[in-house]
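Remember, it's 1-based here, ligands and their atoms both numbered in the order they're listed.
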Amino acid sequence: MNEFIPYGRQSINEEDIKRVIDVLKSDWLTQGPCVTQFESALQYYTGAKYAYAVCNATAALHLSYLALELGKGDILWTSPNTFLSTANAALMCGAVVDFVDICPKTFNLSVEALEEKLIQAKKINKLPKIVVPVHFAGQSCDMKKIFELSKEYGFKIVEDAAHAIGGRYLKQPVGSCQYSDITIFSFHPVKIITTGEGGVVMANSKMLADKIALLRAHGMTRDQEMMTKIAEGDWYYQMLELGYNYRITDIQCALGMSQLKRIDEFVANRHIARQSYERLLSHIEEINLPYQSKDSYSALHLYPIEVPEVHRKKLFAYLRINKIGVNVHYIPVYMQPYYEKLGFKGGCCPNAEAYYNRAISLPIYPTLSTRQIHCISERVMEGLE
Ligand SMILES: *Cc1c(COP(=O)(O)O)cnc(C)c1O
């Protein structure tokens, strides 16, 4: 086997390419019709009322936190088993971040740990303003329970669903925001569908959606209804908030619309890959394959297996030498030097650390062939010997 197999990659077909070329030949490269068409398609797909597409999911998280008025001194909690952005975007708002340990079975934020931490935080008057469940590997967190806790303890919920577009929770599409204030998706090429770079904020509240629309583009508006006085002429605009340039382009959204048509097929193919791995590896005693919850249909962004800690490093190196682009998701965020400087220490989320020490993400993407999965599985078994 000579070709390098990455842990994840995009699938671009001729139709995707044609859609992008059409935009390049049109009048609008950005802020044209494709952005709103893509947003409408995302609303339709998830059932959420509002969608605002932005330049990446990190920006989507930042805007979501700002729209929920996360500011200096406010507290945000999330899972340590996530990409840096989930926590970083809160620091960008001047907030204080803390982490809730994961469930050792799903590797998602543990509802029991969350409840325990809320009880303690209430006693010292340090409840979070926002909790951000991350749908790790594409499998939804237990949103119903988290939603119930939010009512009891008065926090807002942003779902970091960067891994999970195309997934379902209790039969509803992830992104419907049934149990949250906001859901964000990422369209980075390794994720489920891609726009090159890109992300989106989904919400059901008009008030939140309006804030996000404003902050996405410099805090400026041309909408008379939002202005503080009568427009001085057709050229007139007002800046109402300190916003950002977090816009996405029409070129990207044309690709996104074309990709969205293929999303169910992408996710179905990921499940075929999962089944192949299960067939080939479930009998290996040293390996723990990712658990599939009955409450959800995972988008299967990742396929993280666990192996005994003593074998992990050696197996990882063996697979990389054999041109299998395995990866590790994730180093607990608080173990990064930047977070250590903020005062975090090892041991704060023992389940997340134990998982991290055993984890290896095997390749999974829609065009990964059964033959390749056979090769990968063979190498995994050899590497464990
Ligand atoms: C990829 C990812 C992000 C950030 O997405 P970008 O579009 O690259 O900014 C945020 N959260 C999680 C969990 C991710 O995997």
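By the neighbour-count criterion of 12 heavy atoms within 6.0 Å, atom OH of Tyr44 is sparsely surrounded, having that number or fewer from other residues, nucleotides or ligands.
Distances from ligand 1 to the non-hydrogen atoms of Tyr330 include at least one value under 4.0 Å.
In terms of protein heavy-atom proximity, atom 9 (O) of ligand 1 is nearest to Thr58 OG1, 2.6 Å. If you check which protein heavy atom lies closest to atom 15 (O) of ligand 1, you get His163 NE2, 2.7 Å. Of the protein's non-hydrogen atoms, Ser85 OG, 3.5 Å is the one closest to atom 4 (C) of ligand 1. In this structure, the protein non-hydrogen atom closest to atom 6 (P) of ligand 1 is Ala57 N, 3.5 Å. For atom 12 (C) of ligand 1, the closest non-hydrogen atom of the protein is Ala162 CB, 3.4 Å.
Considering both main-chain and side-chain atoms, Phe83 never comes within under 3.5 Å of ligand 1 through any nitrogen or oxygen pair. Geometrically, ligand 1 and Thr82 share no nitrogen or oxygen pair separated by less than 3.5 Å.
Per-residue contacts place Gly198 under 4.0 angstrom from the following atoms of ligand 1 (heavy atoms of the residue considered): 7 (O). The distance from ligand 1 to the heavy atoms of Thr86 drops below 4.0 Å at these ligand atoms: 11 (N).
For the residue pair His62 and Tyr246, a side-chain donor N or O sits within less than 3.5 Å of a side-chain acceptor on the partner.
A distance of 6.0 Å or more separates the ring centres of His329 and Phe107.
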Would you check, one step at a time, whether the test ring-ring contact (aromatic ring centres under 6.0 Å, His included) holds for Tyr45 with Phe185?
CA-CA 13 Å; Tyr45 185 75; Phe185 295 130; 8.4 Å; no
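Nearest-heavy-atom check against atom 8 (O) of ligand 1 across Ala87, Ser186, Ala60 picks out Ser186. Evaluated by nearest non-hydrogen atom to atom 3 (C) of ligand 1, the leading choice among Lys191, His329, His301, His188 is Lys191.
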